[in-house]
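All remarks here apply to the structure that follows.
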Amino acid sequence: MTFGDVDYLPGGLFMDMPDLEEVVFDGMIGHFDCTFILSCPRLKSVVFRGPISSTGGPGLLSNTPAIEKVAFESVVVDPGIEIDRSRFPKLQLLTDKAAFLSNPLDSLTPVATADRLHKSPRLKADMERLARWQSQALTAPDAKWMLKTAYSAARILQPVLAELGSPMADSLKAAMDYAWNLGDHVKTTLEILKESPAYAADTLTKPVFRYAAPDDSLLTETRRRFNLDSIAGNGDDISRIKNLLYWVHNNIPHDGSNGLAPGPRTLSNTYDCARRDSCGYNCRALAICLTEALLAEGIPARYLTCQSKHWDTDDDCHVICVAWSSSLNKWIWVDPTFAAYITDENGLLLHPGEVRYRLQHGLPLVLNDDANWNNEFKKTQDDYLDYYMAKNLYIMSANTLNQARPEGPASRPGGRIAALVPLRSDYTNAHFISTDEAWFWQPPTQK
């Protein structure tokens, strides 16, 4: 099969083709998704002769045991794929004729130097060809999700063209500026956060956040059942907070697809359901559990719902905890989903408002080295802070009454939801909304 120019190739495009032996892309490719070639048992060769703007996802091939050659012969601007050659013993990965502008396929494939690109009219012409396509995608009337993909690749290509003195550099920059001014479509989550308006004190009559005392009957029951005194230990308040963080993280797995445990939203019920059904629960469930454990140990705590600027269309939020450190006289970030906490460059533990400010202003942040998902995958600072939490620190909300069984099926009165938002926010999904960060991070008052 031979292709000319294509804007987009979806995953699974070549699937279950028992007679397919060779695929050749003679033209330019705008973007192809991961694993778009799978279950083709006779496939021997895949050749990309033309330039590629971007790829997505780690895989290219799956269940192609006869594959012998994958060749890239032109410019690849933003390659997000990886090819695990250990899975394909016959495979030759040919990249001698190609020029990767970022993120090479493997450590053996270097990023192309400016000198090499300058000396190759063929590669320069293919880069300009890609620039024309990217410009068209960035100014198209209905580019949808391709807008962000094209912009991400253009970020890489445009400065290279400028360094080479190509006239296409200016026209591509103009198209990028046009796309940027359309709104947030092409911006990274960190760029969106950096453009957020500031907080400001207001004159509203604001609720007080309250925290149940450890002698509350439900908290006493929780503390005794799980022997939380022993888990928390006899160290200072920071070590006790961290011990409880790790205990919840290690004993209740995270699985966002399962939502909350059926029944009461308590540490005991969530813990029991996770064992009975051999499953995990979402970040909200884990944060409610850690909040209860901290309160049971006399440490004021809240679970915090962190949302994006586009809260009304983006249903991917994240729920973490904040715990009050009496020794530091401040709130600190504790995330049971990833056993995560954040410090500045001097090791001072931070709360989400401080992390937000530092992300906005490019100040140092340090994620604890053992942050992880279900003790299986390490969390990186780039992924967790610069991408995921940068998106989800635009709006923060919390329950005003922090206690065992704080929401859901409960016989006791619950609190109300109070939100901290930047100026000119359109957020409406809370009982009380303020731009006053001093109020939101006020020291705790017990119930």
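Just so you know, these numbers come straight off a predicted model, no measurement behind them.
- Taking the charged nitrogens against the carboxylate oxygens, Lys378 and Asp370 have no contact shorter than 4.0 Å, which rules out a salt bridge.
- Around CG of Asp369, the count of heavy atoms belonging to other residues, nucleotides or ligands within 6.0 Å does not exceed 12.
- With rounding to the nearest 0.5 Å, the separation of OG in Ser152 from CG in Leu157 is 11.5 Å.
- Centroid-to-centroid, the aromatic rings of Tyr8 and Phe36 stay 6.0 Å apart or farther.
- A donor-acceptor pair is defined here as one N or O able to donate and one able to accept, closer than 3.5 Å; such a pair exists between the side chain of Asn269 and the backbone of Pro264.
- Not a single donor-acceptor pair under 3.5 Å links the side chain of Asp216 to the backbone N or O of Ala212.
- When only modelled atom types and interatomic distance are considered, His31 and Ser54 share a side-chain donor-acceptor pair under 3.5 Å.
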Q. Going through the checks in order, is the side-chain contact (heavy atoms from CB on, under 4.5 Å) test met by Tyr394 and Leu193?
A. CA-CA 6 Å; Tyr394 206 91; Leu193 185 66; 4.2 Å; yes

Q: Please lay out, stage by stage, how Leu359 and Leu393 fare under the test side-chain contact (heavy atoms from CB on, under 4.5 Å).
A: CA-CA 10 Å; Leu359 283 169; Leu393 285 176; 4.0 Å; yes

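- Remark: Arg224 is not positioned above the aromatic ring of Phe226, lacking an NZ or CZ atom under 6.0 angstrom from the ring centre and at most 45 degrees off the axis.
- Phe209 and Trp324 have their aromatic ring centers separated by at least 6.0 angstrom.
- Taking every heavy atom of both residues into account, Asp202 and Thr435 meet most closely at OD2-N, 3.4 Å.
- A distance-only check finds no donor-acceptor pair linking the side chain of Asp314 to the backbone of Lys309 [under 3.5 Å].
- When the salt bridge (Lys or Arg N to Asp or Glu O under 4.0 Å) test is applied to Asp315, no partner is found at least two apart in sequence or on another chain.
- Taking all atoms of both residues into account, the shortest heavy-atom contact from Gly280 to Asn258 is O-ND2, 2.9 Å.
- When each of Leu245, Ile299, Val322 is paired with Leu294, the side-chain contact (heavy atoms from CB on, under 4.5 Å) condition holds for Ile299 and for no other.
- A side-chain N or O of Arg275 and one of Tyr271 form a donor-acceptor pair less than 3.5 Å apart.
- Scanning for salt bridge (Lys or Arg N to Asp or Glu O under 4.0 Å) contacts around Glu354 gives Lys330, with sequence neighbours left out.
- Between the side chains of Arg265 and Tyr281, no donor-acceptor pair of N or O atoms lies under 3.5 Å.
- Checking side-chain atoms of Thr291 against main-chain N and O of Ala287 turns up a donor-acceptor pair under 3.5 Å.
- When all heavy atoms of Gly415 and Asn399 are compared, the pair lying nearest together is CA-OD1, 3.2 Å.
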(Q) Set out, in order, the CA-CA distance, both residues' side-chain angles and the distance that settles salt bridge (charged side-chain N to carboxylate O under 4.0 Å, His left out) for Arg223 and Glu292, then state yes or no. (A) CA-CA 9 Å; Arg223 185 170 61 256; Glu292 183 178 335; over 6 Å; no

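- Within the structure, ring pair (Phe, Tyr, Trp, His ring centres under 6.0 Å) contacts touching residues 294-322 (residues at least two apart or in different chains) are Trp311-Tyr427, His318-Phe338, His318-Tyr388.
- Glu195 contributes no side-chain N or O that, together with a main-chain N or O of Ile192, makes up a donor-acceptor pair within less than 3.5 Å.
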Q: Assess whether salt bridge (charged side-chain N to carboxylate O under 4.0 Å, His left out) is satisfied between Glu221 and Arg405, documenting all intermediate values.
A: CA-CA 12 Å; Glu221 180 183 339; Arg405 203 183 300 164; over 6 Å; no

(Q) Pair Lys206, Gln442 - check side-chain contact (heavy atoms from CB on, under 4.5 Å), show working. (A) CA-CA 11 Å; Lys206 294 181 273 292; Gln442 64 188 285; over 6 Å; no

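- Applying the ring pair (Phe, Tyr, Trp, His ring centres under 6.0 Å) definition to pairs two or more places apart or across chains, those involving residues 339-361 are His351-Trp441, Tyr357-His361.
- Interatomic distance, CD1 of Ile320 versus OG1 of Thr337, reported as 9.5 Å (0.5 Å rounding).
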Q. Yes or no on side-chain hydrogen bond (donor to acceptor under 3.5 Å, both in side chains) for Ser268 and Thr266, after CA distance, side-chain angles and deciding distance?
A. CA-CA 5 Å; Ser268 288; Thr266 63; 5.3 Å; no

Q.
Between Asp229 and Arg240, does the salt bridge (charged side-chain N to carboxylate O under 4.0 Å, His left out) criterion hold? Intermediate values first, please.
A. CA-CA 9 Å; Asp229 289 346; Arg240 295 175 70 231; 5.5 Å; no

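- No hydrogens or angles considered: a donor-acceptor pair under 3.5 Å links the side chains of Asp255 and Ser257.
- Ring-plane geometry between Phe377 and Trp373 is classed as parallel, the angle between the planes falling under 30 degrees on a 0 to 90 degree scale with a further cut at 60.
- Using a 3.5 Å distance cut-off with no hydrogens or angles, the side chains of Asn392 and Ser308 do not pair a donor with an acceptor.
- A salt bridge does not link Glu437 with Arg356: every distance from a Lys NZ or Arg NE/NH1/NH2 to an Asp or Glu carboxylate oxygen is 4.0 Å or more.
- Scanning all heavy atoms of the two residues, the minimum distance from Ala154 to Pro159 falls at O-CD, 4.1 Å.
- Between Phe25 and Phe14, the angle of the ring planes goes over 60°, which puts this pair in the perpendicular group of the 30/60° scheme.
- Taking the ring centroids of Trp331 and Tyr211, they lie under the 6.0 Å cut-off.
- We find that Lys187 and Asp184 are joined by a salt bridge, their nearest charged nitrogen and carboxylate oxygen being less than 4.0 Å apart.
- A donor-acceptor contact shorter than 3.5 Å is absent between the side chain of Asp277 and the backbone of Cys279.
- Sequence neighbours left out, the pairs with a member in residues 56-72 that pass side-chain hydrogen bond (donor to acceptor under 3.5 Å, both in side chains) are Ser39-Asn63.
- Checked by atom type and distance alone, the side chain of Thr189 never pairs as donor or acceptor with a backbone atom of Met389 at under 3.5 Å.
- Counting only distance, with no hydrogens or angles, the side chain of Gln158 and the backbone of Ala153 share no donor-acceptor pair below 3.5 Å.
- Using modelled atom types, no side-chain atom of Thr400 and backbone atom of Ile417 make a donor-acceptor pair closer than 3.5 Å.
- Remark: of the listed residues Asp236, Leu290, Ile332, Ile332 is the sole one forming a side-chain contact (heavy atoms from CB on, under 4.5 Å) with Ile241.
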Q | salt bridge (charged side-chain N to carboxylate O under 4.0 Å, His left out) between Asp386 and Lys391, worked out | A | CA-CA 8 Å; Asp386 295 348; Lys391 177 178 83 74; over 6 Å; no

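- Listed for the Thr220 side chain is a donor-acceptor partner under 3.5 Å among the backbone atoms of Pro214.
- Taking each heavy atom of Arg412 and Ala404 in turn, the nearest pair found is NH1-O, 3.3 Å.
- For the atom pair Cys321 SG and Leu304 CG, the distance stands at 8.5 Å (nearest 0.5 Å).
- Rounding to the nearest 0.5 Å places SG of Cys283 at 8.0 Å from CG of Asp335.
- The nearest pair of heavy atoms linking Asn402 to Ala301 is CB-O, 3.4 Å.
- Judged as a side-chain hydrogen bond (donor to acceptor under 3.5 Å, both in side chains), and not counting sequence neighbours, the contacts of Ser53 are Gln134.
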